[in-house]
Structure formats: C-alpha cells, structure tokens
Amino acid sequence: MRIAATAFEAQQGMTITDAQHVILQVNQAYTQITGYSAEESIGKTPNMLASGRHDSSYYAAMMQSLEQNGAWTGEIWNRRKTGEVYPEWLTISAVKDSAGLTSHYVAIFSDITAKKESELRINHLAFYDPLTQLPNRRLLLDRLQQALASRKRSDAYGAILFIDLDNFKTLNDTLGHHIGDLLLQQVAQRLRNCVREGDTVARLGGDEFVVMLEELGNQLQDAVAQCESVGKKILATLNQPYQLAGHVYKNTPSIGITLINTHQEKVDDLLRRADLAMYQAKAAGRNTMCFFDPEMQSAVTARAALESDLGQAIQAAQFVLHYQAQVVRDGEIVGVEALVRWQHPLRGLVSPAEFIPLAEETGLILPLGRWVLETACQQIADWAGQAETAHLSVAVNVSALQVHQDDFVEQVLELLQRSGAPAQRLKLELTESLLLNDLDTVISKMMRLKAMGVGFSLDDFGTGYSSLSYLKRLPLDQLKIDQGFIRDILVDPNDAAIAKMVIVLGETLGLSVIAEGVECVAQKDFLAQIGCHAYQGYLFSRPLPLAGFMQLLREKSGAGSGA
Ligand code: C2E
Ligand code: MG
Ligand code: MG
C-alpha cells in the first residue's frame, strides 16, 4: 500500500476513474498541472478538462481504443482551471476485474508545453533566418517544391524574384556589420510590405533575398505584367532612404526574375535562372530588374563548355602567337605586339576577346600568360641573332592578375635569362585596371623590371579610370591611345580632342605615344598632324602568324632598299 501510495505521488499527473469515467482519485501533480484540487474534481469526469480543440470523433476513437486494447496513448490539448489551453502526453489504461470486465481507468499524463515550445523554437531556427525572421533557404526550397507540385493541378503561373542589394559590402566595410544588419532587417520589412499575404519573402543569405509569387493566372502576358509591377514596387521601395542608427543611407537592388512555367522544372534550375537574370541586371548598371531569357541560358552553357576546353588547351599546345607590326612615320616597322590566338580543335581560331576574360575569371590566365611571355622571349632571342630583326621590340599584354603574383618580377627575369633575350626588346602592355589596387607594389615591381631594361606601355589608354595623378608616378615608356578613339577620330570632335590630349600628356610626361586601330591613311595623316608618329593597325598589317610577319618584313625592307 505504501509503495502504491508513493508511486501515486509521482511527478506525473494521475487520475483514477470508475468504469463510467467518474473521477475517484487524483494526485498532487494533477492539481499542479490542471489547477483543480481533488475536491473540485472527484465525482466529475475528465471532460471537465476538455479544451474544445478536439472534435467528438477524436474522443470516440480514444474510447474505441480503450475498449479494444485496454489502453490509449497520445497527445491531447486540455484546459487548466485558469482557462489556459496546454498540451499533455496522456496514457490511459483500463483495469479489469477477475471477470475480465473493466472496473477502473488509470490515466497518467505530463504537461509537454515546454517540450512543444522548444520544438517550435528548433523548427523556427531550422527554417527561419534569425536576423530578419524571414524564411531561410531551406524553407524557400520547400515552398518552391510545393509550388511546383501544385502547378501540376492548376496552370497558374508563379514567379521568382531574386534580389541582391547593390554595394552592400561597401556599407559593411565602411559603417560596420551592425549597420549592415540593420539595413537587412529594414529591407526584409519593406519586401514583406511589397507582396500579398500568401507570397513568400525569403532570405537566402548575405544580401540576397527571394520573393516567390504564386497564382499569377494562366496568361503569360498577365503573369509577366504582374511580376513587373511587383518588381517595380520593390525597386521603388528599396530606393527610399534608410535610417540606420543615425545614418541616412541610400541603397539600390538588382532584381532577376524568372517565371515558374511547368511543374517539370527543378527547384535548382529555377533559382539559377533567377540568379542569372539578377547578374544581367547588375551588368545593366544595377538598380534595375531583368527577366531571364533563354538566350542567356545558351550563352551560359556555351561558356561552361569553353571554360572546360580552355583548361586543357595549354597542355594540348593549342595556343599560338600572332604578331602585329608597330610602325613609325611612313610605315617603318620598329616592333610588334604579340597577340595570342587559340586554335580550338572544333571551333577553329578563337579570339582572345572571347577567352581572355574567361581565363582571367578562372585563373587560367596565369599559366597562359606565362606561356605567352615565354614564347615572346624566345622570339626576341631568335630575332636578336639576325641583323634584319635585331631591332624589333615585342610588346606583350599582361593581365593585372599576372602582375599581382608575388613572383612576377622573378618570372619575367627568369624567362629573359633562360631564353637569352635582351630585356630592352621586351615591352609589357599594362591596362589601367592593374592600377586599381596596391599601386605601390605595382610601381616597385615595374621599377625592378625597368632597371633591367624592360619597357612599359599603358594599353587602351583613356578607357579606364584614368587618374592623371598616378601617371607621373608610374615608370612608363609609352601611352597607347585606345582604338575606340581612333575609329571615329575624323568625324567625332570629342575623339579627336581626347587623342590630342593624350599626345600632349605624353609629351609633357616624356612618354612616347602610339595609336592603335589605325585603319586608313586619313586617320594616320590626322594623327601625324597632331603629333603622333607611331601606329598599329590594319592599315599597316593585321596580326599575322610568324611566317606571315616575316614575309611582310622582307617585303618592306625590300621595298625600302629598292627605293
Ligand atoms: P589589345 O591589346 O588592345 O590589342 C589590340 C586589338 O586590336 C587586337 O585584337 C588587334 O587584333 C586589334 N586591332 C589591331 N589593329 C586593328 C585595326 O586596325 N582595327 C581593328 N578594328 N582592330 C585592330 P585581338 O587580337 O582580338 O586582341 C584583343 C585583346 O585581347 C587585346 O587587346 C588584349 O587586351 C587581349 N590579349 C590578346 N593577347 C593577349 C595576351 O597574350 N595576354 C593578355 N593578357 N591579353 C591578351
Ligand atoms: Mg595590347
Ligand atoms: Mg589596346
């Protein structure tokens, strides 16, 4: 009896009823959990605890289980004396008499409010972004999956808007992450206000948000128009100034939009398309929106193929150098620019304009650039041994990434030494992009190479972020007027003015000036008249394979000696 009494006063709530469910006895824990004393409960049925959250069929199933199995276990919502509804975990067992008939029921229960709450919290943590309280990537993927599934049933369009904040990193870097967080929270709030109740706004991470629109109707034009109007609303809203802990701050988004067309699509593909469209919006100058278009997709696919081919092209020796003459005065060849070409086994000759940017993005420019330098040095060495070519300089384009390598100077010096090429014949063509960061290091590298005799030309001059102040600090030898200014130099007074300015600048700083992209005599004459006497362009020669260039050189010198 004592043991039974002790067991009865356990942590869990207990009630004992008769076969008609009339309460005979309750324990301390029962009173603690429900708020009802023994006196208030005895003589009544557990019905007094009903929360109203379960319908009659729920209780009917419970009764059926008790009759058939003699027991029932499950979660149930009950109501405390205070009126508060709470969840409990309940086990009811039937007690049989010697005849096998139910004489009593014993119910044991515990309050699982805390457990439920932590479940909810865990759920929230797993599916929501703690900073903005928006659904996270996981929940978004889940909802996208559902949206695709429901596309099977209805043919209403849906859409995804991929939103990336412009220059968010700069804000973080300048005002700190705390301020960046404030912006993200306010953006989240504004985005929520831009969409309807049922639409999802999610944060993918960083400054990337996704808005998912559903039920856009089954007319393509309508659906597009609706997306566009939401997109515009988002643009306008996110363009409003923010108040960030005392800072008034302006920010803009770039938005990529793609429609959810068919249920056969994959969630990943949808997101990738929206992401691509977002990059398109960035490329279009930011603070704008772009729809995904299929041509973009094929361009992306082709690029991926090119990228994988490029990786093998060096080992497979598919690159060659072509040489384009650099001339002075009336066509006297004083050097060449080495221009790399890719002989693709299937696509034929691929232009560097197509693969150099790709090589820069993937880092392949490093081995490729080294190969170009090595080949050019060998060519210089070769030419140095012959009277008719010994004077030729070779200009080699080098990418910013190459120069920024720690051992760039050593690499160049080693290649010069190994080939035996005179450094005075090597000219490195740099672009202004190189000068955007770590200018002091770049200058000191240039100084070291210059001390060995290597020359420097600033390519595409005038197209970059030219800051004239760095020009005098750089140990340059030459400015190269970009062909963009030469093309219309005869008709566009602005181009002519820029060309003149570069020439005067060159004179002032003691640098030679060469014009590239000279295609006709009139351009050359005009340039000569304003003081530019070095040229490169189709007028004199296209970039040629070595044999072709050698022939050109012989023809010229033949003509020269014959004259
Ligand atoms: P760039 O260094 O400005 O080279 C001049 C480009 O203008 C060359 O194009 C050349 O073929 C073209 N060109 C020359 N004369 C004329 C002309 O009279 N009219 C017209 N319309 N174009 C002319 P290409 O060979 O396609 O090279 C494009 C760019 O690729 C080069 O521009 C350079 O930035 C890059 N590049 C080429 N070879 C290399 C390399 O070995 N390394 C690196 N890093 N970049 C390279
Ligand atoms: Mg060049
Ligand atoms: Mg150029």
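Just so it is clear, the values below take in all heavy atoms, side chains as well, and ignore hydrogens, waters and symmetry mates. First listed ligand is number 1; within each ligand, the first listed atom is number 1.
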Keeping [X] on the side-chain end and [Y] on the backbone end, is there a donor-acceptor pair under 3.5 Å?
X: R554; Y: S557; value: no
X: R190; Y: T237; value: yes
X: K556; Y: E332; value: no
X: E354; Y: S351; value: no
X: D477; Y: F456; value: yes
X: Q226; Y: L216; value: yes
X: K445; Y: Q405; value: yes

Query - Name of whichever N/O/S atom of E516 is nearest to the Mg ion (ligand 3) - result: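 The closest N, O or S atom of E516 to the Mg ion (ligand 3) is OE2.
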Query - D460, N/O/S atom nearest the Mg ion (ligand 3) - result: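 Answer by atom name: OD1.
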What protein heavy atom sits nearest [atom], and how far away is it?
atom: atom 15 (N) of ligand 1; answer: Q324 NE2, 2.9 Å
atom: atom 32 (O) of ligand 1; answer: D459 OD2, 4.7 Å
atom: atom 11 (O) of ligand 1; answer: P543 CG, 3.3 Å
atom: atom 31 (C) of ligand 1; answer: L339 CD2, 4.2 Å
atom: atom 18 (O) of ligand 1; answer: Y538 N, 2.8 Å

Check this for me, if you would: do [X] and [Y] make a salt bridge, where the nitrogen-to-carboxylate-oxygen distance has to be below 4.0 angstrom?
X: D166; Y: K282; result: yes
X: K169; Y: D173; result: yes
X: D275; Y: R272; result: no

**Report entry** Nearest candidate to atom 25 (O) of ligand 1, where distance is taken over non-hydrogen atoms, out of H322, E429, R341, Q523
**Finding:**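 Closest candidate by heavy-atom distance is R341.
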**Report entry** From E354, Q402, E519 - option closest to atom 20 (C) of ligand 1 by heavy atom
**Finding:**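 The nearest heavy atom belongs to E519.
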Under 4.0 Å from ligand 1, counting heavy atoms only, is it the side chain of [X], its backbone, both or neither?
X: R487; result: neither
X: E516; result: side chain
X: V396; result: neither
X: D460; result: side chain
X: Q483; result: side chain
X: I356; result: side chain

Query raised in the report: Does G369 have a heavy atom less than 4.0 Å from any atom of ligand 1?
Result: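 It does not; every heavy atom stays at 4.0 Å or beyond.
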Which of the atoms of ligand 1 are close to [X], meaning less than 4.0 Å from one of its heavy atoms?
X: S399; value: 44 (N)
X: G537; value: 15 (N), 18 (O)
X: P352; value: 24 (P), 25 (O), 26 (O), 27 (O), 28 (C), 30 (O), 37 (C)

Counting only heavy atoms not in [X] (residues, nucleotides, ligands), do more than 12 fall under 6.0 Å from its [atom1]?
X: D525; atom1: CG; result: yes
X: E410; atom1: CD; result: yes
X: D407; atom1: CG; result: yes
X: Y279; atom1: OH; result: no

Query raised in the report: Does some non-hydrogen atom of the protein lie less than 4.0 angstrom from atom 9 (O) of ligand 1?
Result: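 No, because not a single protein heavy atom sits under 4.0 Å from atom 9 (O) of ligand 1.
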**Report entry** Heavy atom of protein inside 4.0 Å of atom 41 (O) of ligand 1, strictly below
**Finding:**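 Looking at atom 41 (O) of ligand 1, one finds that a protein heavy atom does lie closer than 4.0 Å.
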**Report entry** Exercise: identify the closest heavy-atom pair between I489 and F485
**Finding:**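 For I489 and F485, the tightest heavy-atom pair comes out as CB-O, 3.5 Å.
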If we only count N/O pairs under 3.5 Å, is [X] in contact with ligand 1?
X: V340; answer: yes
X: Q536; answer: no
X: E360; answer: no

Query raised in the report: Looking at the Mg ion (ligand 2), which N/O/S atom of E337 is the nearest one?
Result: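 E337's closest N, O or S atom to the Mg ion (ligand 2) is named OE2.
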Query raised in the report: Looking at D459, which of its N, O or S atoms is the nearest one to the Mg ion (ligand 2)?
Result: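 Restricting D459 to its N, O and S atoms, the minimum distance to the Mg ion (ligand 2) goes to OD2.
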Query raised in the report: Hey, is there an N, O or S on S457 sitting under 2.8 Å from the Mg ion (ligand 2)?
Result: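 So S457 does not count as coordinating the Mg ion (ligand 2).
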Report task. Validate the cation-pi geometry between R473 and Y470: distance from NZ or CZ to the six-membered ring centre under 6.0 Å, angle to the ring axis within 45°. Result ->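 Cation-pi check for R473 and Y470: fails.
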**Report entry** Heteroatom test (N, O or S) for E429 near the Mg ion (ligand 3), limit 2.8 Å
**Finding:**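 Checking the Mg ion (ligand 3) against E429, no N, O or S atom falls under 2.8 Å.
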Query raised in the report: Has D482 got an N/O/S atom less than 2.8 Å from the Mg ion (ligand 3)?
Result: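 Coordinating: no.
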**Report entry** Heavy-atom side-chain proximity of L511 to L458 below 4.5 angstrom
**Finding:**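 Counting from C-beta outward, L511 and L458 never come under 4.5 Å.
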